[in-house]
Amino acid sequence: MARREASVTDAQASSTDFSSPLLAWYDRHHRSLPWRTPPDETKLGVLPDPYRVWLSEVMLQQTTVGAVKRYFEAFTDAWPTVEALAASHSDEVMKAWAGLGYYSRARNLKKCAETVASEYSGRFPDTEAGLKALPGIGDYTAAAIAAIAFNRPAAVVDGNIERVITRLYAMETPLPQAKPEIRALVAKAMPQHRPGDFAQAMMDLGATICTPRKPACVLCPITEDCAARRKGIAERFPLKAPKKEKPTRIGAAFVAMRSDGSVLLRKRPASGLLGGMAEVPGSHWTARQDGVSDVTAAPFPAAWRPSGSIHHVFTHFALELFVFKAEFPRTASPGDGWWSSPDALPGEALPTVMKKVIEAAIPGATKKSRKG
DNA sequence: GAGACGTGGAT
DNA sequence: TATCCAAGTCT
């Protein structure tokens, strides 16, 4: 310890051998998660099911652990193996994914399962390169699966690890320019034994100790290696480019209800925003203008009555949607959509923004009945 | 490389 | 209320 502190300047301040205290901390303080094999087992050579690792890693992309847990349980209950998922209907997968966001993940999940089932006999590739060739698996996920499920010495770098490393070395280079350097530092620090536990230890440290705000440096097992901590400026890292402000778009949405309570839905195009998900008919979402939204986009002529408005924020724009409601008196062809019954509606592949729209018109309509 | 791509929880 | 942001990937 004294040797480390005395011997170096900031640029090289952090030793690259912090893996031992980090792994010791992980052995004692690791999080227990449904998809994880605890360190006392991995040390005996017991590794988690690659299918479960893959599924969890894809769900966890830009998504919190708390949100993922329920979906992970639902998916593994419905599809316990990659072959089962490959054999499923994609509509069912989109329904099960509804609410989790970033729906291209669900589309790629299905494609990836089909590829693994048909071209790899249901067994995931065990190398980074092999994994990265699959849809929906990029640099991070390929490295994570290789390390965690196959104990390969892959340099795993996610947002947590970027934060830990930029603080450890007090890196003044902002993200994403700093990524290559971060990756090299992780590769240098990674122990050849326990690469999977090392990756998960780094992520647990970032998630529970080395947090974005108010990092708990007094509890950190490698605080003495940390240049940012020594300077008292841990919270300043990582440096990032300023964000752009998001525009607002505006539109109209039409909730058509039949006398039996069914609601008219249609399916969005297969790619792009909310691709492959269900929606109620609506207008184009235009840049906000002074004036009213387009009521001429209604699916059929009727006495459309205003039913409030909803506000929803996507990653790159905010949306204000004026909701209109009308009773559709007789049976008729739903055109390119379908009538969803009150029983079916809660289970449809409705993204959150569309659940908000329907709730504005018909309170409670999208909630699942508690009695099952 | 920059923009598209969701959502809900925390501060 | 406003802002940030969480185990990224694809184009």
Side-chain angles (χ1 to χ4, degrees), chain A residues 30-31 33-36 52-72 94 97-109 111-112 131-149 154-164 174-177 179-180 183 186 196 198-208 210-214 235 238 240-249 268-277 279 285 310-319 349-356:
Chain A
H30 63 88
R31 289 179 293 175
L33 300 169
W35 46 84
R36 182 177 275 185
R52 293 165 64 87
V53 174
W54 163 70
L55 179 61
S56 66
E57 289 301 343
V58 173
M59 287 184 166
L60 286 161
Q61 291 166 6
Q62 296 289 287
T63 308
T64 57
V65 167
V68 164
K69 281 181 178 171
R70 287 166 275 137
Y71 286 85
F72 180 81
M94 300 312 287
W97 198 276
L100 199 54
Y102 283 133
Y103 298 100
S104 67
R105 292 184 296 172
R107 302 193 296 270
N108 286 329
L109 192 80
K111 283 186 213 160
C112 183
L131 288 160
K132 204 188 161 184
L134 294 166
I137 298 183
D139 287 336
Y140 162 74
T141 306
I145 298 172
I148 296 169
V156 177
V157 181
D158 76 329
N160 287 305
I161 295 173
E162 286 173 350
R163 187 167 58 255
V164 171
L175 289 171
Q177 289 81 11
K179 276 173 180 274
R183 190 176 192 79
V186 169
F198 176 72
Q200 294 178 96
M202 289 285 280
M203 290 190 280
D204 276 18
L205 188 72
T208 65
C210 195
T211 49
R213 285 162 308 228
K214 309 278 185 190
E235 198 167 355
K240 291 183 180 178
K243 323 199 140 96
K244 297 184 168 181
E245 64 180 85
K246 38 186 79 169
T248 295
R249 296 182 196 171
R268 292 178 62 85
S271 63
L273 185 70
L274 309 176
M277 300 294 284
E279 67 174 1
W285 300 341
I310 65 101
H311 194 263
H312 190 79
V313 181
F314 293 101
T315 307
H316 54 297
F317 67 93
L319 177 65
L350 289 165
T352 297
V353 62
M354 285 299 150
K355 287 188 177 173
K356 285 187 187 175

Could you tell me whether [X] contacts a base, only the sugar-phosphate backbone, or nothing, with contacts defined as non-hydrogen atoms closer than 4.0 Å?
| X | result |
| --- | --- |
| Leu109(A) | nothing |
| Ile161(A) | nothing |
| Pro176(A) | nothing |

Donor/acceptor link under 3.5 angstrom from Thr64(A) side chain onto base of dG8(B):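 Checked by distance alone, the answer is no.
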Spell out yes or no: do the side chain of Thr63(A) and the base of dG6(B) have one donor N/O and one acceptor N/O closer than 3.5 Å?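 Yes, the side chain and the base share a sub-3.5 Å donor-acceptor pair.
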Nearest-Å distance for atom pair [atom1]/[atom2], residues [X] and [N]:
| X | N | atom1 | atom2 | value |
| --- | --- | --- | --- | --- |
| Leu175(A) | dA6(C) | CG | P | 11 Å |
| Phe314(A) | dG6(B) | CZ | C1' | 7 Å |
| Lys246(A) | dC5(C) | NZ | P | 12 Å |
| Leu60(A) | dC5(C) | CG | C1' | 15 Å |
| Leu350(A) | dG6(B) | CG | P | 14 Å |
| Lys240(A) | dC5(C) | NZ | P | 5 Å |
| Leu273(A) | dG6(B) | CG | P | 5 Å |

Whether Thr352(A) contacts dT7(B) is assessed here as follows: a side-chain N or O lying under 4.0 Å from the phosphate OP1 or OP2. Is that the case?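 Checking Thr352(A) against dT7(B): at least one side-chain N or O falls below 4.0 Å of OP1 or OP2.
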